[in-house]
Visitor: 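Dropping a structure here in structure tokens format, bear with me for questions.
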4 protein chains.
Amino acid sequence: MSGTLNKVILIGNLGDEVKMHYFDDKNCVGRFPIATSESYVSKQTNERITNTEWHNIVVRNKAAEICEKYLSKGDKIYVEGKIKTRKWTDDKGMERYSTEIQCNEFTFLTPKADQQNSAPQPQNTSQNTASAQQTSANAPVDDNDDLPF
Amino acid sequence: MSGTLNKVILIGNLGDEVKMHYFDDKNCVGRFPIATSESYVSKQTNERITNTEWHNIVVRNKAAEICEKYLSKGDKIYVEGKIKTRKWTDDKGMERYSTEIQCNEFTFLTPKADQQNSAPQPQNTSQNTASAQQTSANAPVDDNDDLPF
Amino acid sequence: MSGTLNKVILIGNLGDEVKMHYFDDKNCVGRFPIATSESYVSKQTNERITNTEWHNIVVRNKAAEICEKYLSKGDKIYVEGKIKTRKWTDDKGMERYSTEIQCNEFTFLTPKADQQNSAPQPQNTSQNTASAQQTSANAPVDDNDDLPF
Amino acid sequence: MSGTLNKVILIGNLGDEVKMHYFDDKNCVGRFPIATSESYVSKQTNERITNTEWHNIVVRNKAAEICEKYLSKGDKIYVEGKIKTRKWTDDKGMERYSTEIQCNEFTFLTPKADQQNSAPQPQNTSQNTASAQQTSANAPVDDNDDLPF
DNA sequence: TTTT
DNA sequence: TTTT
């Protein structure tokens with residue numbers, strides 16, 4: 001309901017490999033961090049400052065498997081998704097929050113020499129980006145987990 | 001393939017009613033113009049200048065029918081889609097181009113008093129926006145038309 | 001440097017009033033939460049599920065003052081910005097993280113009766129949205145704070 | 001005015017070199033086409049169909065000079081801007097329209113070996129993307145041209 | 001932890 | 001006219 005929108009658009013580099021987590025033989029998630037960075041010259045010290053922001057990307061099912069297969073640490077990727085902050089309780093019983101990007105579309109930006117003759121980039125009909133939407137649409141169980149892992 | 005992206009994000013007001021065009025009993029398109037405007041104060045004349053840009057929105061199938069049912073001239077809408085420039089030949093045999101926005105997601109921004117208790121806003125599972133993607137996905141015939149209308 | 005992008009696009013409703021925090025007579029931040037929601041019908045229970053996501057919006061300087069002046073709890077707003085996760089230490093010495101949206105462009109979506117003849121919507125030259133970029137550009141001290149507040 | 005938004009987000013490859021047009025020693029525009037493509041397998045013929053869409057990018061002043069200096073045909077770029085359709089009269093006195101993307105932010109996505117030690121990617125303070133906004137802000141004359149060129 |  |  002309600003005329004709202006929650007959209008994130010990122011271009012960044014993987015800081016680590018895709019980590020898969022299987023719920024059963026059909027449902028899984030892949031997780032990986034990507035870094036975005038901005039830099040500027042400080043007016044006070046005249047030195048270049050670089051700030052890096054890390055984003056926890058979560059991708060589901062078939063899209064996750066494509067990411068695991070084709071993405072490596074260091075690769076550049078375009079990610080579109082939505083922000084989700086999850087609440088969990090740490091081992092001291094404290095409430096904790098972690099924010100992740102639930103990816104529903106992506107496109108690889110690192111050219112792969114070895115991808116030329118093999119299966120390269122996933123597609124969907126609407127655009128040459130991979131859509132995680134359909135694959136996640138029939139995975140309601142994925143939305144039930146509220147455990148940190 | 002190819003790591004490209006073609007995305008348009010608009011918030012604007014309908015300049016006219018949604019015009020439907022049926023191909024058969026299952027496939028249709030709806031078309032409507034929306035206006036975006038920007039204004040600024042001219043440094044030369046000190047007067048306020050407003051520029052209005054008109055966008056031709058095209059939406060397909062079920063999404064089109066939802067738009068026709070709930071949108072009226074003047075309403076504000078969020079539209080997401082892609083740019084498509086179509087080539088056609090005018091009655092003098094001249095090549096002409098027209099650019100349209102093929103909408104694949106939208107959300108209504110005008111509160112409807114009468115929508116409160118009736119069917120209000122379309123939804124999809126991924127977000128509270130309507131997705132035209134699924135409905136158009138199985139309508140390949142829609143992509144065959146290259147006629148201006 | 002580095003060809004990355006960190007962009008968030010939200011349409012949501014304010015869950016509270018804008019809270020201002022002044023650093024000095026020129027530099028300030030405004031903070032307010034906005035909610036986005038999505039809903040769907042569960043295939044298992046057949047009931048409608050609504051998930052609400054809260055986003056902490058941070059806006060600076062002149063843009064903050066405009067928000068404080070014209071926005072109220074419940075209003076709908078378009079916000080564009082970037083994700084920033086800040087690390088802080090709680091009173092037990094634990095490391096904590098909180099994610100906020102640093103807003104650099106916004107546009108009000110709730111029609112205001114009383115705004116019609118008074119100063120309504122902020123503008124900038126590039127578009128009819130308010131840009132927090134320029135105002136924050138000359139406020140480097142704003143970027144030095146790493147305290148939770 | 002009015003709570004509207006006109007935003008385009010593209011990732012594509014240059015189909016040609018950047019063409020510069022100088023108005024005077026301070027004001028200029030750069031123009032270049034970028035291609036986005038989508039592909040899918042036809043359900044009818046089972047063959048792969050690729051559709052390419054061409055976008056005319058317009059960038060101003062300092063940003064234009066940066067593009068001219070660092071971009072070449074074939075390079076991949078992220079472009080953010082707004083849609084503008086310009087009306088002009090052809091040599092037969094017919095009204096013609098052409099749609100272009102007025103770029104106000106971009107980031108280069110093709111790694112440049114030779115950019116490593118020289119001035120690589122433009123930046124601004126808000127993010128590691130180049131902003132054409134400031135540079136074009138003080139170039140009101142640029143907005144007066146309504147000539148096709 | 002990435003990248004330039 | 002690009003790219004994969």
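Quick caveat: nothing in here was measured; it's all calculated off a predicted structure. Below, chains carry the letters A, B, ... as their sequence lines are ordered, and counting in each starts from 1.
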Visitor: Please state how far atom NE2 in A:His55 lies from atom C1' in E:dT1, giving the value in whole angstrom units.
Guide: 13 Å

Visitor: Starting at CG of C:Leu5 and ending at C1' of E:dT3, how long is that distance when rounded to a whole Å?
Guide: 14 Å

Visitor: What's A:Lys76 touching, base or sugar-phosphate or nothing? Going by heavy atoms closer than 4.0 Å.
Guide: nothing

Visitor: If we count only N and O atoms by modelled type, under 3.5 Å, do the side chains of A:Glu38 and A:Tyr40 hold a donor and an acceptor together?
Guide: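 A:Glu38 vs A:Tyr40: no donor-acceptor pair found between side chains.
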
Visitor: Whole angstrom is fine here: how far is it from CG in D:Asn51 over to C1' in F:dT2?
Guide: 15 Å

Visitor: Hey, could you give me the CG/NZ distance between D:Asn13 and D:Lys76, rounded to the nearest 0.5 Å?
Guide: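 Result: 4.5 Å between the selected atoms.
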
Visitor: So A:Phe23 and A:His21, would you call those rings parallel, tilted or perpendicular, with 30° and 60° as cut-offs?
Guide: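 Plane angle over 60°, so perpendicular.
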
Visitor: Going by modelled atom types, is there a donor-acceptor pair between the base of F:dT3 and the side chain of B:Thr4 at under 3.5 Å?
Guide: no

Visitor: Closest heavy-atom contact between A:Ile101 and A:Gly81?
Guide: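 Reported closest heavy-atom pair: CG2-CA, 4.4 Å.
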
Visitor: Hey, mind stepping through B:Glu80 and A:Lys7 against salt bridge (Lys or Arg N to Asp or Glu O under 4.0 Å) and telling me if it holds?
Guide: CA-CA 11 Å; B:Glu80 189 178 325; A:Lys7 187 173 288 287; 3.0 Å; yes

Visitor: Measure the distance between the ring centre of D:Trp54 and the centre of the six-membered base ring of F:dT1, then answer whether it is under 5.5 Å with planes under 30°.
Guide: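 Yes, D:Trp54 stacks on the base of F:dT1.
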
Visitor: Kindly state which residues belonging to residues 10-18 of chain A come within less than 4.0 angstrom of DNA chain F, counting heavy atoms of the residue only, listed by number.
Guide: none

Visitor: Taking B:Lys82 first and then D:Glu53, would you say they form a salt bridge - that is, a charged N and a carboxylate O separated by under 4.0 Å?
Guide: no

